[in-house]
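Heavy-atom basis, side chains included; hydrogens, waters and symmetry copies ignored.
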Amino acid sequence: MTRSGRRSTAIRWLKFNLVGGIGIAVQLLTLAVLKAGLHVNYLVATALAVEAAVIHNFLWHERFTWAERPGAGLNRFLKFNLTTGLFSIGGNLALMKLLVDLGHMNYLLANGITITACSVVNFLVSDFFVFAEDGTGIQSM
């Protein structure tokens, strides 16, 4: 990878994390409202909160993080939701179950840990597949 390619990836990683940080707030707020306010089971609330964050993040990644890469539309949204969305929901539910039920950790703290654990994989999948430069779904190295 060239120096400009590394710089571009670093900037994109920063943008990804900025969007993700706001997405974390969306996820935690949604989780708190569903669990504490509406008394929804914490696993159901987690899945719904993650999906709210996935939708939020996709919209911002489309317009900010990967704005220079063409290919907007339903197909890209489905790829994002079926890759990073499913990984985030599955990873969050599995880790939440472990941390809350087995580890007796507070559900909001556990959710923060699970979000962090999923972020690197989500960036790589987004950069090399969902928002790939060539439009085929696979980014060249």
Side-chain angles (χ1 to χ4, degrees), residues 1 3-141:
M1 182 180 286
R3 184 174 183 193
S4 65
R6 283 191 297 273
R7 184 176 184 278
S8 175
T9 299
I11 290 169
R12 189 168 289 108
W13 172 249
L14 292 173
K15 288 179 172 183
F16 177 84
N17 283 297
L18 176 63
V19 169
I22 299 167
I24 289 169
V26 168
Q27 183 171 329
L28 293 175
L29 180 62
T30 304
L31 178 61
V33 167
L34 291 171
K35 170 79 172 76
L38 300 175
H39 309 289
V40 175
N41 172 277
Y42 80 91
L43 289 175
V44 173
T46 297
L48 293 171
V50 170
E51 184 58 24
V54 166
I55 292 168
H56 164 274
N57 290 355
F58 173 78
L59 294 171
W60 279 101
H61 289 324
E62 182 81 10
R63 289 167 182 75
F64 176 65
T65 310
W66 285 279
E68 80 287 354
R69 294 187 183 171
L74 182 60
N75 185 41
R76 186 180 270 179
F77 175 72
L78 291 174
K79 284 185 350 184
F80 187 79
N81 222 348
L82 292 172
T83 56
T84 64
L86 285 179
F87 178 76
S88 292
I89 290 172
N92 270 265
L93 291 178
L95 289 172
M96 286 289 284
K97 184 79 172 156
L98 287 172
L99 295 174
V100 173
D101 286 354
L102 299 176
H104 307 289
M105 188 178 287
N106 172 276
Y107 71 96
L108 291 175
L109 176 60
N111 198 243
I113 291 169
T114 64
I115 290 166
T116 303
C118 295
S119 70
V120 172
V121 172
N122 285 340
F123 175 77
L124 293 172
V125 169
S126 293
D127 197 40
F128 289 98
F129 179 68
V130 176
F131 298 97
E133 283 184 284
D134 63 5
T136 64
I138 300 173
Q139 167 98 11
S140 58
M141 294 285 237

Give a yes or no on whether the ring-centroid distance for Tyr107 and Tyr42 is below 6.0 angstrom.
-> no
Note, Phe16 side chain near Thr9 side chain (heavy atom, < 4.5 Å) = no
Is the shortest heavy-atom distance from the side chain of Phe87 to the side chain of Asn122 under 4.5 Å?
-> yes
Verdict with supporting geometry, Leu59 and Phe80, side-chain contact (heavy atoms from CB on, under 4.5 Å) | CA-CA 10 Å; Leu59 294 171; Phe80 187 79; over 6 Å; no
Within-4.5 Å side-chain heavy-atom neighbours: Phe77 and Glu62 | no
What is the distance from atom CD1 of Ile11 to atom CZ of Arg6, rounded to the nearest 0.5 Å?
-> 13.0 Å
Identify the two heavy atoms, one from Val100 and one from Ala110, that lie closest to each other, and give their separation to 0.1 Å.
-> CG2-CB, 3.8 Å
Taking all heavy atoms of Ser126 and all of Trp66, pick out the closest pair and write down the distance.
-> CB-CH2, 3.5 Å
Please report the closest heavy-atom contact between Ile113 and Met105, naming both atoms and the distance.
-> CD1-SD, 3.6 Å
Considering all heavy atoms, the nearest Val19-Asn57 contact = O-OD1, 3.5 Å
Atom of Val50, atom of Ser88 and distance for their closest heavy-atom approach | CG1-CB, 3.7 Å
What's the spacing between Asp127 CG and Arg12 CZ if we round to 0.5 Å?
-> 5.5 Å
For residues Lys79 and Phe129, report the shortest heavy-atom separation together with the two atoms involved.
-> NZ-O, 3.5 Å
Rounded to the nearest 0.5 Å, how far apart are CG of Leu29 and CD1 of Ile24?
-> 13.5 Å
Look up atom CG in Leu124 and atom OG1 in Thr84, then write down how far apart they are to the nearest 0.5 Å.
-> 12.0 Å
Can you check side-chain contact (heavy atoms from CB on, under 4.5 Å) on Phe58 and Arg76, steps first, answer last?
-> CA-CA 9 Å; Phe58 173 78; Arg76 186 180 270 179; 3.8 Å; yes
Looking at side-chain heavy atoms only, is the closest gap between Thr65 and Trp60 below 4.5 Å?
-> no
Side chain to side chain, Phe123 and Asn17, heavy atoms closer than 4.5 Å | no
Counting only heavy atoms not in Lys97, do more than 12 fall under 6.0 Å of its NZ?
-> no
Rounded to the nearest 0.5 Å, what separation is found between the OG1 atom of Thr30 and the NE2 atom of His56?
-> 10.0 Å
Out of Thr116, Thr46, Asn92, Asn106, which residue meets the side-chain hydrogen bond (donor to acceptor under 3.5 Å, both in side chains) rule with Asn111?
-> Asn92
Could you check Val130 against Arg69 for side-chain contact (heavy atoms from CB on, under 4.5 Å), going step by step and ending with a plain yes or no?
-> CA-CA 10 Å; Val130 176; Arg69 294 187 183 171; over 6 Å; no
When rounded to the nearest 0.5 angstrom, what is the spacing between CD in Gln27 and CG in Leu48?
-> 11.0 Å
Check whether any side-chain heavy atom of Leu18 lies under 4.5 Å from a side-chain heavy atom of Phe64, and answer yes or no.
-> yes
